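Accompanying notes for the structure given below.
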Amino acid sequence: MRPDNEPAVRRRVHRTDWMALLTGLLFIVTGILFLSIPDLEPLVMLPVILGGLGLAGLAAILARAVRR
């Protein structure tokens with residue numbers, strides 16, 4: 001137990017970087033899809049990747065707006 005006159009220890013809080021997290025997940029899922037479905041065309045996946053990056057950016061912007 002700590003004595004009553006000792007100050008409480010402050011925790012450092014690390015905020016989540018949503019853009020990095022969602023982009024990483026997107027590329028992991030894309031890699032798994034390319035390995036598991038060999039007939040998958042890159043031209044089909046390009047709009048999916050670009051759309052996913054756009055949604056990740058939107059989520060990052062909304063998370064920053066909510067924090068402020």
Side-chain angles (χ1 to χ4, degrees):
M1 289 177 80
R2 67 180 172 95
D4 291 331
N5 59 357
E6 198 172 303
V9 178
R10 289 185 52 174
R11 282 186 45 201
R12 286 184 164 180
V13 178
H14 183 75
R15 292 187 176 172
T16 304
D17 184 4
W18 289 103
M19 182 71 180
L21 178 67
L22 294 174
T23 302
L25 288 174
L26 174 71
F27 281 107
I28 288 172
V29 169
T30 304
I32 290 171
L33 285 175
F34 273 124
L35 291 175
S36 63
I37 306 172
D39 295 334
L40 192 61
E41 292 291 325
L43 280 175
V44 173
M45 288 304 292
L46 185 64
V48 172
I49 292 173
L50 292 177
L53 288 174
L55 288 175
L58 180 65
I61 290 170
L62 290 175
R64 181 171 290 183
V66 168
R67 268 190 233 150
R68 290 183 181 189

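Model, not experiment: these values are computed from the prediction.
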>> With a 6.0 Å cut-off (strictly less than), is the heavy-atom count around CZ of Arg67, excluding the residue itself, greater than 12?
In response: yes
Compile the donor-acceptor pairs under 3.5 Å between side chains in residues 35-63 and protein atoms, sequence neighbours left out, one pair per line.
{"unit_1": "Ser36", "atom_1": "OG", "unit_2": "Ile32", "atom_2": "O", "d": "2.9"}
{"unit_1": "Ser36", "atom_1": "OG", "unit_2": "Leu33", "atom_2": "O", "d": "3.4"}

I'd like a table of donor-acceptor pairs (distance under 3.5 Å, sequence neighbours excluded) in which one partner is a side-chain atom from residues 16-26, with atom names and distances.
{"unit_1": "Thr23", "atom_1": "OG1", "unit_2": "Met19", "atom_2": "O", "d": "2.6"}

